[in-house]
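As the structure is a computational prediction, the values presented were derived from the model and not from experiment. Per chain, numbering begins at 1; letters A, B, ... match sequence-line order. Just the heavy atoms: all of them, side chains too, but no hydrogens, waters or symmetry mates, feed the values below.
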Number of protein chains: 2
Amino acid sequence: MFQLNLKGGGEIVMDLNERSRDILRAIIQSYISTAEPVGSRTVTKRYNLGISPATVRNIMSDLEELGFLVQPHTSAGRVPTDKAYRFYIDTMLEVKGLPRQQEEEILNYPLHRGDFHQLMQETTKLLSALSHYTGIIMAPKPAETVYRHMEFVRLTGGRVLAIFVSNAGIVHNRMINLDEDLTQKELEKISAFLNREMAGKTLREMRSRVLQLMEDDRNSYTRLMMKFMKVWQDASYEGEEGAEAELFVGGLSEMFNIPDFKDYDKMKELFIAFEEKHRLLKLLDLAMDAEGVQVYIGSENKYFEMQGISLVVASYRGEGNVIGTLGVIGPSRMPYNTVIPLVDCTARVLGRLISDR
Amino acid sequence: MFQLNLKGGGEIVMDLNERSRDILRAIIQSYISTAEPVGSRTVTKRYNLGISPATVRNIMSDLEELGFLVQPHTSAGRVPTDKAYRFYIDTMLEVKGLPRQQEEEILNYPLHRGDFHQLMQETTKLLSALSHYTGIIMAPKPAETVYRHMEFVRLTGGRVLAIFVSNAGIVHNRMINLDEDLTQKELEKISAFLNREMAGKTLREMRSRVLQLMEDDRNSYTRLMMKFMKVWQDASYEGEEGAEAELFVGGLSEMFNIPDFKDYDKMKELFIAFEEKHRLLKLLDLAMDAEGVQVYIGSENKYFEMQGISLVVASYRGEGNVIGTLGVIGPSRMPYNTVIPLVDCTARVLGRLISDR
DNA sequence: TCTTAGCACTCAATCCTATAGAGTGCTAAT
DNA sequence: ATTAGCACTCTATAGGATTGAGTGCTAAGA
């Protein structure tokens, strides 16, 4: 079906007895569905555990001491901590497959239109529409994309546009300002040479090959390529690895429907964080290597740590290789049992669409 | 210096006497700088008009009757209406050139990196950073772009990627699923034919030329082109003219710093409106034809009408032609005298950058 | 006739207080 | 070990008083 690969899962094996686990589960589930602090009476009423509120109170007190619950204030019920969510996801969550209906909805969503950018944008909207949270996608990184076709096009004023096309139909381009004036004929020769020598390589790989070629002779071919490589590096460099990746965000306004964030300043903080795209990208990059769906809870990760916010992320493939990641960002109290398969399914569908749309 | 072309300007010539105009100006300026309703005493204290609060009150009452002012409630001062802003901009605004320092800042902003998408994105950030509002840009529309270079690239599984490059180095692309399997050699022939026959045409123009050619004979050339045209139309069509344009937004979080919108629900409404990009695009499209800077106040336009929000928009050029528009979106009480030249200057700089970066 | 001082009036914002209600922790009984 | 009972805590809400900004009107003055 699908695979949930748990970040740090299994490391912390808590020994809670059956009943404590039942109560913790009940509290988490209740809080996920209502967003209200959960009291002892609520637990006994809504979940038939055959014990009295007083007993529940004693156990809740223990759970608080263990760091699974906190009280917003003395006379309120209790709320799960990040630790509780982690424990819940690692040991208690039963993730079923996606309901037939939602799968249909994903498959029927009009994702095929337009170019690659539009596909990415539409996919964030799909993620958002089905999860009712905000959808995010990290697009394939130029440096690690395998290119099939390359082309240099001469523009006015000694400018040359380099266009690189991947197997999956992703197009990347950069403008190069040339000192010498090459004719379009010459550029075509260079393009032909590149396509012959370099097809199936990533930029990283091309770079070392070009350096190798340069040792033999320094002709227009290699000079243009080196210029291109330099332009590329200049454009990519922002002091951070992975900064050259592109981030797409969709359904931002869904954040306003989440009761957890019904606060102006919290919202402001959140939107400022969204504009620091490189932080989110760092986090999305983490999920590149991992198989299956990852969940990052609250302040578990240092790149986008934010009280009460979690991310559900999965990598997607194009022509066989993992080329990016996608996911959903929402409150830590999100219904993981439905969001996880949703993200998983969307990643698969996107992969299929990229490989043969 | 620069030209402010006023939407509907001059039509409504209000005959207010000198003093009424002075007071109206004082109220608007005061409100722009403080965001607080303006009372009669404030006017006499902050602007030395040599009249008493009582007199001001009488005139304010008249101005209210004329529709220039409203009171939020009985015991509050008065606030300018959209009509007042319009009048202010049309007849009282003195727009100076951009301060040397800000011009420097625009010229020094690192806008040259990366591809065209990144350039657009960075420019919205520039607009936002200098205005402290939200920056928006409508990218060139494929249908009206003059292309210099066209290329069909064969991918796996009978898919063909069409790549079109404009004089200004803008790259548009679309995926085409072909029934027949053309070799890359054949595609190159078609590309060469296209570049010979169609260079310097817009998509619109190409379309009619292809239809013309088809009457003579229906070979692979024209069939592929027609398929491409169809794919293009499918992707562009969303029931709305101008829907195929792309919108870039930067500095959304600035909205949270504007006291006018210090309200959760107002903010929610605003962000939902931002996600309906086609509405904003419609509005930005309006400014394509007009020369100079346009100002759209509050509910003056039907595409993005929103209480208390205005847009300052200018078109930008690439290789001589107007290819898109850009601007700033903020509260109606924004300091137009600085924002207008800022938008104007940014449009010029972007145009220059596109034509020779 | 225009201007202005004076005054009563209105209304939002703020603060204070009382009250209700949810939930806990502790104790004693089962 | 469990649970009923009860005192205690704290938030949220509503009502009421107070303050202050600002207006509109009136009558006197220029």
> Bend angle of the helix from C:dT1-D:dA30 to C:dT30-D:dA1 from five-pair axes at both ends, rounded to 10°?
Replying inline: 20°
> What string of B, S and - do you get for nucleotides 19-29 of chain D, 5' to 3', if B is base contact, S is sugar-phosphate-only contact and - is no contact with any protein heavy atom under 4.0 Å?
Replying inline: --BSBB-----
> Can you list the residues that meet the salt bridge (charged side-chain N to carboxylate O under 4.0 Å, His left out) rule with A:E269, with sequence neighbours excluded?
Replying inline: none
>> B:S20: which residues meet the side chain to side chain donor-acceptor pair (under 3.5 Å) condition with it, sequence neighbours left out?
In response: B:N17
> What is the distance, rounded to the nearest whole Å, between atom CD of A:E18 and atom P of D:dA1?
Replying inline: 19 Å
>> Once side chain to side chain donor-acceptor pair (under 3.5 Å) is applied, what residue pairs with a partner in residues 34-46 of chain B remain, sequence neighbours excluded?
In response: B:S40-B:R57
> Within this structure, what is the CD1-to-P distance between A:I27 and C:dG23, rounded to whole angstrom?
Replying inline: 12 Å
> To the nearest Å, how far apart are B:L49 CG and C:dT4 P?
Replying inline: 11 Å
>> B:E276: which residues meet the salt bridge (charged side-chain N to carboxylate O under 4.0 Å, His left out) condition with it, sequence neighbours left out?
In response: B:R279
>> From C-beta outward on A:H73, which listed nucleotide comes closest to its side chain: C:dT3, D:dC10, C:dT4?
In response: D:dC10
> Mind checking what makes side chain to side chain donor-acceptor pair (under 3.5 Å) contact with A:S332, not counting sequence neighbours?
Replying inline: A:S310
>> Going by the rule ring pair (Phe, Tyr, Trp, His ring centres under 6.0 Å), which residues pair with B:Y264 if we only count those two or more places apart in sequence or in a different chain?
In response: A:F256
> Which heavy-atom pair separates A:Q294 from A:A287 by the least distance, and what is that distance?
Replying inline: CG-CB, 4.1 Å
> Residues two or more places apart in sequence or in another chain: which of them pass salt bridge (charged side-chain N to carboxylate O under 4.0 Å, His left out) with A:D82?
Replying inline: none
